[in-house]
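Computed from a predicted model, the values in this text were never measured in an experiment. Both counts, for ligands and for their atoms, begin at 1 and track the order of listing.
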Amino acid sequence: MIDYPQRLHLAKLPTPITRLQEISVATGVDIRLKHDELTGTEVTGNKIRKLEFSLAEARAQKCDTVITCGGVQSNHCRATAILGQRNGFKVHLLLRGERPQTPSGNLLLDYLSGATISYMPQSEWKFHEKEVRRLQEDYALNGQKAYYIPVGASDEVGLWGYIAAAEELRRDFEALDWEPDYIVMATGSGGTQGGLTLGTRLLEMASKVVAFNVCDDAQWFANKIRQDVTLWQQRYKQEIDVDELHITTVEGYVGPGYGEAGPEVFDTIKRVASTDGVFLDPVYTGKAFHGMVTELGKGESGALPGAKRVLFIHTGGLFGLFPQQDHFSFP
Ligand SMILES: *Cc1c(COP(=O)(O)O)cnc(C)c1O
């Protein structure tokens, strides 16, 4: 029914859905988890679904190099470094911040995969796309062709990843004879939320997509998703009323800032690991999960009114836990 563009099959799909027993009992809501942290081992997480389309596009454009950007602990950059390397691309990462003394977490994997890594201070980051164009020109002078994947692979090409995931979810729900009132996830660059919002709409699924932002605010995500969907329509000749998309972003759980979490997030990570054996991360899934449980606790006045069944998308991020290990009190 949905007509997809070219795609590389890189992720281990479909990912399973399991019930979170302890948390379901504690909240009185049937909470299940879509295990997108199982899309691969080193390539764990949500970015691989988008990169299936982004890297296929890079190959179609006969590019030999891929450039992408993100934070020093970017899960997206790590997935791109590894998948690029495996699929015959040279990978160049432009990371926001200072080069650390020793690489840890995601950055260690970036380094091991052989990616070229350059750093740009936070204060200059607003010019990062200019720097990407400069790098592309440098590669061109060298006879190479570099494809640019923006932060998080959140653009009109990467959007297909979670449109396809919505179709996978529809099959999951049929097989389980179970349909959630809400599909909940963390949102950071908007592509996962955007793809699911659009995909559930195209497939006329009843579940509402609700995202918890880990940076920026609800207005930023509404603008970003409308912009990506508009470009997607133009590029792939689709017809959809962009203003009618239900983009729902719940604010209030960013905490001290992007990549920085308060003690409630570390408590949530410890709690879910020690009750249901599921490991969340402090940058994305831990914040969103904490937000979801808090909002469920508010009942009808919360952001998830009438919730009886909820699906939480585990978007990965395990490697981002290790550089923050000092935040856990270890007796
Ligand atoms: C990138 C990321 C997200 C957010 O996804 P976006 O599509 O960028 O909004 C959520 N969780 C994890 C673990 C991520 O790496």
Side-chain angles (χ1 to χ4, degrees), residues 11 15 33-40 42-54 68-83 96 105-107 109-110 149-166 183-199 209-218 220-225 227-229 232 247-250 253-254 258-259 261 265 269 272 278-292 312-324:
T15 56
L33 201 71
K34 176 71 170 168
H35 287 273
D36 274 10
E37 87 281 22
L38 299 181
T39 48
E42 314 84 345
V43 291
T44 169
N46 59 344
K47 302 306 181 312
I48 185 171
R49 288 191 188 261
K50 311 180 197 188
L51 290 168
E52 289 194 340
F53 293 94
S54 310
T68 198
C69 310
V72 169
Q73 281 301 329
S74 165
N75 296 306
H76 160 70
C77 289
R78 178 256 309 151
T80 306
I82 297 168
L83 292 169
R96 181 183 66 241
N106 285 298
L107 186 61
L109 301 184
D110 297 343
I149 302 175
V151 172
S154 289
D155 64 359
E156 70 274 23
V157 180
L159 201 58
W160 284 110
Y162 273 84
I163 295 172
I183 300 171
V184 171
M185 84 253 20
T187 190
S189 63
T192 303
Q193 178 188 10
L196 287 171
T197 300
L198 178 57
V209 175
V210 175
F212 288 79
N213 61 300
V214 302
C215 53
D216 300 294
D217 58 20
W220 189 90
F221 287 98
N223 294 342
K224 168 70 175 154
I225 290 168
Q227 182 192 357
D228 286 353
V229 174
W232 173 86
I247 302 170
T248 308
T249 311
V250 182
Y253 297 96
V254 176
Y258 172 74
V265 172
I269 293 171
V272 179
V278 166
F279 288 74
L280 303 171
D281 79 289
V283 184
Y284 296 97
T285 55
K287 284 186 183 176
F289 200 94
H290 167 68
M292 174 184 72
F312 184 86
I313 315 270
H314 193 327
T315 42
L318 183 63
F319 301 121
L321 187 60
F322 301 106
Q324 299 207 28

(request) Evaluate side-chain contact (heavy atoms from CB on, under 4.5 Å) for I313 paired with L196, printing each intermediate quantity in order. (result) CA-CA 11 Å; I313 315 270; L196 287 171; 4.2 Å; yes

(message) As a quick check of understanding, evaluate side-chain contact (heavy atoms from CB on, under 4.5 Å) for R78 and T44, giving each step before the final call.
(response) CA-CA 9 Å; R78 178 256 309 151; T44 169; 3.8 Å; yes

(request) Please determine which of Q193, H76, K50 meets the side chain to side chain donor-acceptor pair (under 3.5 Å) test together with S154. (result)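 Considering Q193, H76, K50, a side chain to side chain donor-acceptor pair (under 3.5 Å) with S154 is found only for K50.
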
(message) If the test is side chain to side chain donor-acceptor pair (under 3.5 Å), which one of T285, T315, T192 qualifies with N46?
(response)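 So, applying the side chain to side chain donor-acceptor pair (under 3.5 Å) to N46 and each of T285, T315, T192, only T192 qualifies.
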
(message) I'd like to know whether I149 forms a side-chain contact (heavy atoms from CB on, under 4.5 Å) with L51, so could you lay out the CA-CA distance, the side-chain angles of the two residues, the decisive distance to 0.1 Å, and finally the verdict.
(response) CA-CA 9 Å; I149 302 175; L51 290 168; 3.8 Å; yes

(request) State which residues pass side chain to side chain donor-acceptor pair (under 3.5 Å) with K34; sequence neighbours excluded, sorted by chain then number. (result)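 K34 satisfies side chain to side chain donor-acceptor pair (under 3.5 Å) with T15, E168, D172 only.
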
Between the protein and ligand 1, are there any N or O atom pairs that come within less than 3.5 Å of each other, and if so, what are their names and distances?
| residue | atom | partner | partner atom | Å |
| --- | --- | --- | --- | --- |
| ligand 1 | 5 (O) | N46 | ND2 | 3.0 |
| ligand 1 | 5 (O) | T192 | OG1 | 3.4 |
| ligand 1 | 7 (O) | K50 | NZ | 2.6 |
| ligand 1 | 7 (O) | G191 | N | 3.4 |
| ligand 1 | 7 (O) | T192 | N | 2.9 |
| ligand 1 | 7 (O) | T192 | OG1 | 2.7 |
| ligand 1 | 8 (O) | S189 | N | 3.0 |
| ligand 1 | 8 (O) | S189 | OG | 2.5 |
| ligand 1 | 9 (O) | G188 | N | 2.7 |
| ligand 1 | 9 (O) | S189 | N | 3.0 |
| ligand 1 | 9 (O) | G190 | N | 2.9 |
| ligand 1 | 11 (N) | T315 | OG1 | 2.6 |
| ligand 1 | 15 (O) | K47 | NZ | 2.8 |
| ligand 1 | 15 (O) | N75 | ND2 | 2.8 |

